[in-house]
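Given the structure is predicted, the values throughout are model-derived calculations rather than measurements. The chains referred to below are lettered A, B, ... by the order of the sequence lines, with proteins before strands, and numbering in each begins at 1.
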Number of protein chains: 2
Amino acid sequence: MTVTEARQQFISTWGAMGTHWGINRTMAQVHALLMISANPLTQDDIMAQLNISRGNVNMNIRELIDWGLVDRVIIAGERKEYFTAEKDIWKVATQIIKERKKRELDPMMKLIDQMSKVEGDKNDKDVKVFLDTINGIQKFGAHADDMLGLLVKSDENWFLSTVLKLIK
Amino acid sequence: MTVTEARQQFISTWGAMGTHWGINRTMAQVHALLMISANPLTQDDIMAQLNISRGNVNMNIRELIDWGLVDRVIIAGERKEYFTAEKDIWKVATQIIKERKKRELDPMMKLIDQMSKVEGDKNDKDVKVFLDTINGIQKFGAHADDMLGLLVKSDENWFLSTVLKLIK
DNA sequence: ACAGATTTTCAATAATTTTTGAAAATTTTA
DNA sequence: TAAAATTTTCAAAAATTATTGAAAATCTGT
């Protein structure tokens, strides 16, 4: 495997991974390309390297910026905009966790809290099971929230060394 | 909000959540329905409650069984098959984590390991950045693997109480 | 072994999501 | 301020994914 092949493979694998995580393939590929590029790239660079249209690049770049995974870079004397991605994988992971917590976990837990308050006939077995399930999710969600907060606030070395001690 | 409305809401929310996690909406809804049902349900029950076709129920149930989230139940004297889902949310979460690790993380790390071995011109900045990124992912993946293993093996109380102490 | 009940399969269809590309908007230079 | 360069938008087209439903397969009791 040559480096060029490996780079291609990486972009394609990272893209496939994205689809398993609710992120569209192209967005993940653009992200992959920027992660393994030493220098910032323009929209045209990305279009050329991934063989996709300008509109597609533009939309996915915007979304990546929104996720806090990609930054616009101004290069003095250049007219075009350049883009770059964070390369420290720990930072990438914590950023994704932070965003997903905000976008998915938080709204879900708000709904669960509301549902936990419904009144119902406690002799009905289905009602009982429903309330138990909701309650379980509520408790679980609170713990998950604490843990993700801890994970995101801490730096890599602190977190890993502390938690990994538990394994021994 | 009545219990009936809340149950509806839960099914719909859980389904929407599924799409963010690479699981199809209907599969997540079937799972939600089974989680909040006191008694096992038949394919016909699920068809009726979610308003979906027999083939759809059948396929999604099969997939849920494959994920280890739903079990077939034999009821003595009944001809039809019944289905039930684990209701302990901790067990549900660890089961999902275990499966996703197997299906996604493990194959990805195998590829990353291969890529980390490519030879290339180390004076090329892109090659250097590529290898650094791959290496970072490799280390990160190994840690994540350890942590997920720990999480899945441990029971809820042990894990949460141990890790949550870190917060204080 | 047969008939009725139930489950499974899968080609066709429907719904959803992604991508394109050209027009509009914006920005920059002179 | 005008024109060239660049970015953004978005309706239409393409691609992908999910769903249906009826036929085939399987199972169960007699």
> Please give, in whole Å, the distance from dA5(C) P to Arg54(B) CZ?
Replying inline: 13 Å
> Is a side-chain donor or acceptor of Arg100(A) paired with a backbone partner of His20(B) at a separation under 3.5 angstrom?
Replying inline: yes
> For the side chain of Asp71(A) and the backbone of Thr84(A), is there at least one donor-acceptor N/O pair under 3.5 Å apart?
Replying inline: no
> Of all of residues 20-44 of chain B, which get a heavy atom below 4.0 angstrom from DNA chain D, listed by number?
Replying inline: Asn24(B), Thr26(B)
>> Reading DNA chain D from 5' to 3', where do the contacts with chain A start and stop? Cut-off is 4.0 Å to heavy atoms.
In response: dA4(D) to dC10(D)
Could you go through residues 134-142 of chain A and list every donor-acceptor pair under 3.5 Å that involves a side-chain atom there, pairing it with any protein atom two or more places apart or in another chain?
unit_1    : atom_1 : unit_2    : atom_2 : d
Asn135(A) : ND2    : Leu131(A) : O      : 3.2
Gln138(A) : NE2    : Asp113(A) : OD1    : 2.7
Gln138(A) : NE2    : Ser116(A) : OG     : 3.4

> If you count the non-hydrogen atoms of other residues, nucleotides and ligands that lie under 6.0 Å from CD in Glu78(B), is the total more than 12?
Replying inline: yes
> Are Leu148(B) and Leu105(B) close enough, and set up right, to give a side chain to side chain contact (heavy atoms under 4.5 Å, CB included), and what steps lead you there?
Replying inline: CA-CA 11 Å; Leu148(B) 294 179; Leu105(B) 186 63; 4.2 Å; yes
> Does a side-chain N-to-carboxylate-O contact under 4.0 Å join Lys80(B) and Asp45(B)?
Replying inline: no
> Should the pair Asp132(B)-Lys128(B) be classified as a salt bridge under the 4.0 Å nitrogen-to-oxygen rule?
Replying inline: yes
> How is the hydrophobic cluster of Tyr82(B) composed, in terms of its other members, when Ile, Leu, Val, Met, Phe, Trp and Tyr link through side-chain heavy atoms under 4.5 Å apart, directly or indirectly?
Replying inline: Val73(B), Ile75(B)
> Rounded to whole angstroms, how far apart are CD1 on Ile52(A) and P on dT20(C)?
Replying inline: 7 Å
Enumerate donor-acceptor pairs with a distance under 3.5 Å from any side-chain N or O in residues 90-98 of chain A to protein atoms, sequence neighbours excluded.
unit_1   : atom_1 : unit_2   : atom_2 : d
Thr94(A) : OG1    : Trp90(A) : O      : 3.1
Thr94(A) : OG1    : Lys91(A) : O      : 3.1
Gln95(A) : NE2    : Trp67(A) : O      : 3.1

> Between the side chains of Gln8(B) and Ser12(B), is a donor N or O closer than 3.5 angstrom to an acceptor N or O?
Replying inline: no
> In residues 55-83 of chain B, which ones come under 4.0 Å of DNA chain D, going by heavy atoms?
Replying inline: Gly55(B), Asn56(B), Arg79(B)
